[in-house]
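First the structure, in the form of structure tokens, and then the observations on it.
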Amino acid sequence: MITDSDANWFTEIYSQGGCAYSLQIREKLHEEQSPYQRIEIYATTHFGNLMVIDGCYMLTTRDNFLYHEMMSHPALFTHPNPRRVAIIGGGDCGTLREVLKHPSVEHALQVDIDERVTRLAEQYFPELCESNGDPRAELYFGDGIQWMKDAEPGSVDVIIVDSTDPVGPAEGLFTEAFFRDCHRALGEQGVMVQQSESPLLHYESIIQPLHRAMRAAGFADSVTLPFPQPCYPSGWWSATMAGKGGDVLSFRVTDAGQKTFATRYYNAAIHQGALAQPEFFQG
Ligand code: SAM
């Protein structure tokens, strides 16, 4: 029972999991229907700005660092020398900013289907877009599924799939056919990572099938890294990483330990810890 009648709240009801999460809202800043999805922006009382797509939390100023750092740094420190990175989705540019912190990266391409997400991020989350002018960054607006089909074989070192939930335009990003295209686009030691929803709510329905599809697509190894993410259903989220050349359990520990850039969550020990698998992940 909510008794705080003086306050406005945004609530995402996740009815399949019988749970909901609310943030207190100061004001609605923007709302539009893009050609692909309904985008809303709110100012919250304690979490900074909030972006919502089709009724689901995408990010808040306060807690997006957890997700963006865990979607980028583990994969980049797993690859021996990541030079060419493709981000599929990720229109808020937070993942792109993290990727560009790696000095080895020569080119980082973000492929989001919806340019409006990026334009609104530039306005309401300018700190996430601060590296968009980096000469190594390229923003392309189009369907990531088609882009991957057309990608030159062996042309990418790391693929990061920073997508919305597996419905609507993102549904095809969770399929074996898409992973086959990723596998072909990656170089010999290529690594891909996919946002893979909640370990608590989606282990059987999404995470396990994702591993099967990645292996069936030709990836030699895969692992799911759980991490906290307060604004997503259950507050516990995950990134599933797959390696073309094998072993995604080892990473460049020394480089991660001596990283040349600032992070707020990620470090070598967090990476190592996220590789420890909960008992219910077995089998
Ligand atoms: N990680 C966040 C989450 O799980 O809530 C999502 C952040 S990011 C804003 C997700 C992006 O994926 C959106 O900007 C959306 O436009 C993009 N997207 C969805 N389907 C896509 C596709 N087929 N190709 C490229 N981008 C896509």
Side-chain angles (χ1 to χ4, degrees), residues 10 12 14 21 23 30 32-41 47 49-61 63-72 75 86-99 109-125 128-129 132 138-151 159-175 177-179 181-182 185 193-199 201-202 206-207 210 225-240:
F10 175 85
E12 178 186 337
Y14 184 68
Y21 184 71
L23 287 179
H30 185 82
E32 72 178 67
Q33 176 67 46
S34 80
Y36 303 98
Q37 49 214 352
R38 176 152 218 85
I39 312 171
E40 295 162 79
I41 311 280
F47 277 67
N49 287 346
L50 159 66
M51 181 187 283
V52 174
I53 292 184
D54 289 338
C56 299
Y57 285 102
M58 286 296 116
L59 68 145
T60 77
T61 306
D63 74 355
N64 77 81
F65 67 97
L66 296 159
Y67 176 88
H68 287 136
E69 291 182 13
M70 290 304 284
M71 285 297 293
S72 45
I87 300 160
I88 305 300
D92 56 67
C93 305
T95 296
L96 178 64
R97 182 183 71 164
E98 294 306 312
V99 165
L109 170 68
Q110 177 186 287
V111 182
D112 198 293
I113 202 166
D114 193 347
E115 183 170 358
R116 289 304 301 154
V117 174
T118 299
R119 299 304 162 220
L120 290 168
E122 286 168 346
Q123 196 174 347
Y124 295 106
F125 300 90
L128 299 185
C129 300
N132 289 5
E138 185 184 349
L139 304 185
Y140 170 76
F141 298 104
D143 182 7
I145 301 167
Q146 190 58 48
W147 186 88
M148 201 58 73
K149 269 199 186 93
D150 299 339
I159 295 170
I160 301 177
V161 188
D162 178 0
S163 73
T164 39
D165 301 332
V167 286
E171 200 173 349
L173 296 171
F174 287 73
T175 62
F178 174 68
F179 297 145
D181 292 334
C182 291
V193 60
Q194 164 98 359
Q195 81 84 6
S196 51
E197 310 282 301
S198 164
L201 303 174
H202 307 115
I206 293 177
I207 295 174
L210 209 58
L225 291 81
F227 55 89
Q229 187 55 62
C231 76
Y232 293 166
S234 84
W236 198 29
W237 216 245
S238 68
T240 296

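Fair warning: this is a prediction, and the values are worked out from it, not measured in the lab. Whatever order the structure lists them in is the order used to number ligands and atoms, beginning at 1.
Per-residue contacts place Asp92 under 4.0 angstrom from the following atoms of ligand 1 (heavy atoms of the residue considered): 7 (C), 8 (S), 9 (C). Set against the non-hydrogen atoms of Val111, the atoms of ligand 1 under 4.0 Å away are 25 (C), 26 (N). Near Tyr57, with a cut-off below 4.0 Å to any heavy atom, the atoms of ligand 1 are 5 (O). Which parts of ligand 1 touch Gly90 is read off a 4.0 Å heavy-atom cut-off, strictly below it: atoms 8 (S), 11 (C). The contact set between ligand 1 and Asp114, taken as ligand atoms under 4.0 Å from a residue heavy atom, comprises 16 (O). With ligand atoms numbered from 1 in the order given, ligand 1 contributes 22 (C), 23 (N), 24 (N) to contacts under 4.0 Å with heavy atoms of Asp143. Listed by number with element, the atoms of ligand 1 under 4.0 Å from a non-hydrogen atom of Ala170 are 19 (C), 20 (N).
By the 4.0 Å heavy-atom criterion, Tyr232 is counted among the residues contacting ligand 1. In this structure, Tyr36 does not count as a contact residue of ligand 1, since none of its heavy atoms falls inside 4.0 Å of the ligand.
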Item checked: CA sep, side-chain torsions, deciding dist, call: Ile88, Met148, side-chain contact (heavy atoms from CB on, under 4.5 Å) -> CA-CA 9 Å; Ile88 305 300; Met148 201 58 73; 3.7 Å; yes
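Tyr124 and His30 have tilted rings, their planes meeting at an angle from 30° to 60° on a 0 to 90° scale.
From the protein, the heavy atom lying nearest to atom 27 (C) of ligand 1 is Ile113 CG2, 3.7 Å. Shortest contact from atom 24 (N) of ligand 1 to any protein heavy atom: Gly144 N, 2.9 Å.
Considering backbone and side-chain N/O atoms, Val117 never comes within less than 3.5 Å of an N/O atom of ligand 1. Residue-to-ligand polar distances place Gln37 within reach of ligand 1: an N/O pair is separated by less than 3.5 Å. Residue-to-ligand polar distances keep Met51 apart from ligand 1: every N/O pair is separated by 3.5 Å or more. On a distance-only criterion, Ile88 and ligand 1 share no N/O pair closer than 3.5 Å.
When all heavy atoms of Ala170 and Thr164 are compared, the pair lying nearest together is CB-OG1, 3.3 Å. Residues Ile207 and Ser196 share a closest heavy-atom pair of CG1-O, 3.3 Å. Between Tyr232 and Tyr67 the shortest heavy-atom distance is CE1-CD1, 3.7 Å. Closest approach of Asp165 to Cys56, counting heavy atoms only: OD2-SG, 3.8 Å. Contact between Phe141 and Arg119 at its shortest, heavy atoms only, is CE1-NH2, 3.5 Å.
For the pair Ile39 and Asp114, the minimum side-chain heavy-atom distance is below 4.5 Å. In this structure the side chain of Trp237 never reaches within 4.5 angstrom of the side chain of Leu66, judged on heavy atoms.
Side-chain N or O atoms of Asp63 include one that pairs as donor or acceptor with a backbone N or O of Cys231 at under 3.5 Å.
With distances taken over non-hydrogen atoms, the option nearest atom 23 (N) of ligand 1 out of Pro169, Ser163, Gly172 is Pro169. Compare Asp162, Asp112, Ile53 by their heavy atoms: the one nearest to atom 7 (C) of ligand 1 is in Asp162. Taking all heavy atoms of Thr164, Thr118, Leu59 into account, the minimum distance to atom 19 (C) of ligand 1 is reached by Thr164.
Contact annotation: for Tyr67 versus ligand 1, heavy atoms closer than 4.0 Å belong to the side chain alone.
Checked against the 6.0 Å centroid threshold, Tyr14 and His202 count as a close aromatic pair.
The closest side-chain donor-acceptor pair between Thr95 and Ser72, if any, does not fall under 3.5 angstrom.
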